[in-house]
Every structure is written in C-alpha cells, then in structure tokens.
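Encoded as structure tokens, the structure appears first; notes follow it.
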Amino acid sequence: MDVLYHPETKYLDLYIEIADAIEVAFPSVVVRGNEKDGHVAEGRSDEDDYFRVEFGDQTIAETTAGGRLPRLEDIVEALEKKVTEKEKKDASGGGCG
C-alpha cells in the first residue's frame with residue numbers, strides 16, 4: 001500500500017497522521033509513504049498539494065480537484081474491503097483453476 005503526497009505541502013503533518021492511522025488499522029499491511037521511499041505521484045508537479053492512497057494498482061482515496069481530502073473513516077472502510085478481498089483471494093489460491 002502506498003500513501004503518496006507532496007513532501008513540502010502545508011498539510012504534511014495531516015498526511016503523515018493519516019498514513020500512521022492506516023498503519024495502525026492494518027498492521028499486517030506494509031504502508032509505504034513517499035517520505036520513506038521517494039515515491040512521487042504520477043502526473044503531479046512539485047507545486048501541487050496532493051494526497052493519494054493506493055492499494056496494489058488501485059487508487060483508494062485521493063484529494064479532489066478542490067483539494068478536499070477524504071475522511072479517514074472513509075479511507076479505512078475502503079481499505080478494509082480491499083484487504084479482505086485480497087486475503088480471501090490469497091486463501092483460495094487466487095487463481096481460476
């Protein structure tokens with residue numbers, strides 16, 4: 001799981017707080033943030049304030065065009081569904097036959 005955000009945003013503390021809350025909610029999932037791994041969201045310039053949570057190749061949550069951030073509860077709920085789906089798929093062998 002990746003938590004991507006602009007490293008010099010005025011919202012940095014908030015973004016890190018959300019990433020930390022996700023780590024607490026999902027201790028079995030590795031949460032990578034761009035402050036740790038140098039990730040940069042594709043298609044974004046250095047001037048943008050952005051925040052995005054990705055699970056695999058899917059975007060789970062991101063700031064809207066107006067800069068509105070999804071609520072933490074909504075992010076966690078969406079991730080719970082994805083993590084549960086992945087765990088079920090892994091337990092069943094993940095393939096079709």
Side-chain angles (χ1 to χ4, degrees):
M1 181 182 320
D2 292 316
V3 179
L4 306 169
Y5 48 84
H6 190 284
E8 296 177 17
T9 177
K10 62 184 175 185
Y11 304 111
L12 182 62
D13 291 340
L14 174 62
Y15 295 169
I16 291 174
E17 183 180 318
I18 292 171
D20 290 345
I22 292 170
E23 285 182 314
V24 169
F26 301 97
S28 65
V29 177
V30 175
V31 178
R32 300 183 309 172
N34 49 337
E35 88 282 7
K36 296 177 186 174
D37 299 301
H39 292 275
V40 176
E42 293 177 20
R44 301 291 184 150
S45 72
D46 289 342
E47 292 77 40
D48 288 342
D49 277 331
Y50 61 85
F51 178 86
R52 185 165 71 210
V53 177
E54 297 177 347
F55 187 81
D57 60 352
Q58 295 183 335
T59 298
I60 302 299
E62 65 184 327
T63 49
T64 63
R68 184 181 163 281
L69 184 66
R71 295 179 327 126
L72 176 60
E73 295 83 7
D74 295 336
I75 295 170
V76 170
E77 183 178 322
L79 287 170
E80 283 175 344
K81 290 178 185 176
K82 293 297 178 185
V83 169
T84 301
E85 288 172 10
K86 182 179 183 327
E87 288 173 350
K88 285 181 182 178
K89 184 178 177 180
D90 291 348
S92 69
C96 31

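Numbers here are sequence positions counted from 1.
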So, do [X] and [Y] sit near enough that their side-chain heavy atoms are less than 4.5 Å apart?
{"X": "Glu54", "Y": "Met1", "value": "no"}
{"X": "Val76", "Y": "Phe26", "value": "yes"}
{"X": "Ile75", "Y": "Ile22", "value": "yes"}
{"X": "Leu14", "Y": "Leu69", "value": "yes"}
{"X": "Arg52", "Y": "Thr63", "value": "no"}

Notebook entry, point to check: Got a second to check how far Asp2's CG is from Asp57's CG, nearest 0.5 Å?
Noted result: 11.5 Å

Next item on the list: Kindly compute the distance separating CD (Glu62) from OG1 (Thr59), expressed to the nearest 0.5 Å.
Entry: 5.5 Å

Check: With sequence neighbours left out, what residues match Glu80 under salt bridge (charged side-chain N to carboxylate O under 4.0 Å, His left out)?
Finding: none

Next item on the list: Give the minimum heavy-atom separation between Phe55 and Ile60, together with the two atoms involved.
Entry: CB-CG1, 3.8 Å

Margin query: Which heavy atom of Ile18 sits nearest to which heavy atom of Phe51, and what is that distance?
Written below: CG2-CZ, 3.7 Å

Next item on the list: Please identify each residue that fulfils side-chain contact (heavy atoms from CB on, under 4.5 Å) with Lys81, with sequence neighbours left out.
Entry: Glu77

Next item on the list: Go through the structure and list residues passing side-chain contact (heavy atoms from CB on, under 4.5 Å) with Glu17, not counting sequence neighbours.
Entry: none

Next item on the list: Take Tyr15 and Val3 through the side-chain contact (heavy atoms from CB on, under 4.5 Å) test and state the conclusion after the steps.
Entry: CA-CA 8 Å; Tyr15 295 169; Val3 179; 5.8 Å; no

